Amino acid sequence: MRTLVITLLAGCCMAGPLLRTPVSFDGQQWTAFSFSQDSAPAVVRIAAPNIKFAIPQYPTVASAVPVPAPQPLPVIKSVAPIFAAPAPVTAVHAAPAPVPVVEAVPAPVPVIKAVPAQVPVVQAVPAPIPVVKAVSAPVVAAAPTPVVVAAAPEPLQAPEPPMPSIGTPFIGGQFRSQAETGEYTFGHWGGPNTRVENRDSLGRTTGSFAYVDPEGEVQVRKYAASPASGFKVAASDLPVNNNIVVQDTPEVAQVKAVHAQAYAAIKTLVAPNTIVA
């Protein structure tokens, strides 16, 4: 059983798409995820839409209207109000009225002798205890769980964003919808920037946005992300230089090293008759 589980995990790590399936091991349910290696580049340059707007240049005009000097505010001294002294209050003490004293006469209490009642003696008869024979429940074999395989998204598969505009009056809008299982979609259009994004129940996200740069040209960026492939982007505003080499950040390099060690450890635990590509 342990060899089967290790073989399944090794296949998950070597697979290209995202593999997610419940695995039973030692009476417990575990979920296996494959964080596979992907040879596709994380950053790709795409062509711009070849749309350019004429950005209006507004000249700077100095104002010829003289600015009046601020006038000082007049200071008004307030007169303190005069309060009259309160009139003296004369205290009058009232003499208490005499309270008559009345002696209460106790009422006679009658003496009643209690007669003990006759208590009948009832002997309890024990009820018979039924004997129930335990019936063993039938053993039902668990049905095999289907394996869900989801391909990692690519930024080039992201939806096209609406083209921006700089006209007046502003014409545009927005939309949004979502479900209880995690899917959602939203977007907006109109104005100098637009955007659209989608996500499914497996956590795969794709989206794109467009904007007008300071030179008046429309630039587009597309992106995709998932738990297996991470974040990828394809943009039209990347610098054109074939000599640039993308370097991994220290955090990315550390994650890649840990993944390589785990992959090598799994390969050493796989059964000898299993072929590992």
Side-chain angles (χ1 to χ4, degrees), residues 1-47 142 144-159 181-184 197-209 219-277:
M1 180 64 183
R2 182 175 182 182
T3 303
L4 177 60
V5 173
I6 294 175
T7 305
L8 179 60
L9 292 177
C12 293
C13 291
M14 293 180 293
L18 169 64
L19 176 62
R20 182 174 67 179
T21 176
V23 179
S24 178
F25 182 71
D26 290 341
Q28 299 181 0
Q29 291 291 331
W30 300 84
T31 302
F33 296 91
S34 67
F35 297 92
S36 59
Q37 297 180 352
D38 196 348
S39 58
V43 180
V44 179
R45 178 179 174 82
I46 59 177
T145 304
V147 178
V148 179
V149 179
E154 294 295 335
L156 297 179
Q157 300 173 355
T181 53
E183 301 97 333
Y184 69 80
E197 180 176 307
N198 302 324
R199 183 175 181 177
D200 59 11
S201 60
L202 299 179
R204 299 177 298 178
T205 305
T206 56
S208 61
F209 61 90
Q219 304 292 345
V220 175
R221 289 189 181 183
K222 297 183 177 182
Y223 56 90
S226 69
S229 60
F231 185 84
K232 295 183 178 181
V233 62
S236 62
D237 55 355
L238 296 178
V240 181
N241 190 349
N242 297 328
N243 297 326
I244 295 179
V245 179
V246 179
Q247 299 290 339
D248 292 336
T249 61
E251 294 79 7
V252 174
Q254 182 180 3
V255 172
K256 286 185 177 180
V258 173
H259 177 76
Q261 294 178 0
Y263 179 71
I266 291 177
K267 289 183 64 177
T268 58
L269 297 177
V270 174
N273 295 331
T274 304
I275 299 176
V276 180

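For the single chain, residues carry numbers from 1 onward in sequence order. Keep in mind that this is a model prediction, so the values were computed, not measured.
Of the inter-residue distances, the one linking Lys256 atom NZ with Asp248 atom CG reads 3.5 Å to the nearest 0.5 angstrom. Between the OG1 atom of Thr206 and the CG atom of Leu156 there is a distance of 11.5 Å, given to the nearest 0.5 Å. Rounding to the nearest 0.5 Å gives a distance of 11.5 Å between OG1 of Thr268 and OH of Tyr263.
Across every non-hydrogen atom of Val43 and Leu238, the tightest pair is CG1-CD1, 3.4 Å. Taking all atoms of both residues into account, the shortest heavy-atom contact from Ser226 to Ala152 is OG-CB, 4.1 Å. Of all the heavy atoms in Gly207 and Ala158, the pair that sits closest is O-CB, 3.4 Å.
Environment of CD in Glu183: crowded, with over 12 heavy atoms of neighbouring residues, nucleotides or ligands closer than 6.0 Å.
The backbone N or O of Pro159 lies less than 3.5 Å from a partner atom in the side chain of Ser208, making a donor-acceptor pair. With hydrogens and angles disregarded, a donor-acceptor distance shorter than 3.5 Å links the side chain of Arg204 to the backbone of Ala151. Looking at Ser236, its side chain never comes within 3.5 Å of a backbone N or O of Gln219 through a donor-acceptor pair.
Scanning for salt bridge (Lys or Arg N to Asp or Glu O under 4.0 Å) contacts around Arg221 gives Asp237, with sequence neighbours left out. Residues that satisfy the side chain to side chain donor-acceptor pair (under 3.5 Å) test with Thr205, not counting sequence neighbours, are absent from this structure. For Phe231, the side chain to side chain contact (heavy atoms under 4.5 Å, CB included) criterion is met by Tyr223, Ala225, Val233, not counting sequence neighbours.
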